Amino acid sequence: QLQFVESGGGWVQPGGSLRLSCAASGFTLDYYTIGWFRQAPGKEHEGVACIDSSDGITYYADSVEGRFTISRDSGKNTVYLQMNRLEPEDTAVYYCAADYTTVQAMCHVPRDYWGQGTQVTVSL
C-alpha cells in the first residue's frame with residue numbers, strides 16, 4: 001500500500017480558503033497519477049481532483065471546477081489541493097491516493113484503501 005499523510009484541514013467560513021497537503025512515504029509521487037478524494041457523512045468517496053504526473057492532465061469534479069487546484073512539489077514529494085471559495089457542501093474528510101492509471105480512472109474508480117484523511121469543515 002502506498003502511504004500518505006494528509007494535513008491542512010480545519011474549519012473555515014464560506015468563501016474562505018485552505019491548502020491541503022499530502023506527503024508521500026516510501027515512494028516518489030512523480031511516477032504516479034495522483035488524486036484527491038472526499039467523503040461527506042453518509043456519502044461515498046468521490047474524486048474531486050486528479051492529475052497525471054507525465055502530461056499534467058487534470059480532472060476536476062464539476063462541483064469544484066474553478067475553485068480547487070491540484071499540484072505537486074517534487075522536491076518535497078508532496079501533493080497539494082488549493083481550495084478557494086469554499087462552500088458548506090465541501091465539508092468532508094479529504095484523502096489523497098496515487099496509482100498508475102489515467103486521471104479519469106483515478107477519479108472515478110472506487111478504491112479499497114484510504115489513509116487517515118484530514119477533516120475540512122466549512123460553516124459559519
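All values derive from a computational prediction rather than experimental measurement.
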Could you tell me whether the side chain of T33 reaches within less than 4.5 Å of the side chain of D99, counting heavy atoms only? no

Minimum heavy-atom separation for R72 and D30, please, with both atom names. CD-OD1, 3.4 Å

For residues P14 and L124, determine if any side-chain heavy atom of one lies less than 4.5 Å from a side-chain heavy atom of the other. yes

Candidate pair F4 and F27, rule side-chain contact (heavy atoms from CB on, under 4.5 Å), full reasoning: CA-CA 10 Å; F4 299 94; F27 67 99; 3.3 Å; yes

Give the C-alpha distance, both sets of side-chain angles, the deciding distance and a yes or no for side-chain contact (heavy atoms from CB on, under 4.5 Å) between V48 and Y95. CA-CA 10 Å; V48 298; Y95 306 87; over 6 Å; no

Out of curiosity, does V93 fall in the hydrophobic cluster containing L81 (side-chain heavy atoms, cut-off under 4.5 Å, transitive links)? no

Please examine the side chains of P110 and H45, heavy atoms only from C-beta on, and report whether any two atoms are closer than 4.5 Å. no

Can you tell me how far the OG atom of S53 sits from the OH atom of Y100, to the nearest 0.5 Å? 8.5 Å

Criterion side-chain contact (heavy atoms from CB on, under 4.5 Å) on S123 and W11, from CA distance to verdict: CA-CA 7 Å; S123 70; W11 171 83; 3.0 Å; yes

Using a 6.0 Å cut-off, check whether atom CD of Q119 has over 12 heavy atoms from anything other than its own residue. yes

Compare every heavy atom of C107 with every heavy atom of A49, then report the nearest pair and how far apart it is. C-SG, 3.6 Å

Grab the two heavy atoms, one from H108 and one from Q104, that are nearest each other, plus how far apart they are. ND1-O, 2.7 Å

Taking N77 for the side chain and L29 for the main chain, is one N or O donor matched with an acceptor at less than 3.5 Å? yes

Under 4.5 Å between side-chain heavy atoms, hopping through other hydrophobics if needed: is there a path connecting Y32 to Y80? no

May I ask you to decide if I51's main-chain N or O and T58's side chain share a donor-acceptor pair within less than 3.5 Å? no

Going only through I, L, V, M, F, W and Y residues with side-chain contacts under 4.5 Å, is there a path from F37 to Y59? no

Less than 4.5 Å apart, side chain to side chain, heavy atoms only: is that true for W36 and E6? yes

Check the orientation of F68 and Y94. Use parallel for under 30°, tilted for 30 to 60°, and perpendicular for over 60°. tilted

Rounding to 0.5 Å, atoms OG1 (T69) and CG (N84) come to a distance of 6.5 Å

Apply side-chain contact (heavy atoms from CB on, under 4.5 Å) to residues I70 and V79 and explain how you reach the verdict. CA-CA 7 Å; I70 185 172; V79 61; 4.0 Å; yes

Any link between V122 and L20 through a network of hydrophobic side chains (Ile, Leu, Val, Met, Phe, Trp, Tyr) touching at under 4.5 Å? yes

Would a single hydrophobic cluster contain both W114 and M106, if residues Ile, Leu, Val, Met, Phe, Trp and Tyr are joined by side-chain heavy-atom contacts under 4.5 Å? yes

Heavy-atom nearest pair, A92 first then R38, reads CB-CB, 3.7 Å

Treating T78 as the side-chain partner and K76 as the backbone partner, does any N or O pair qualify as donor plus acceptor under 3.5 Å? yes

Taking all non-hydrogen atoms of both residues, which atom of R67 and which atom of L86 are closest, and how far apart? NH1-CA, 3.8 Å

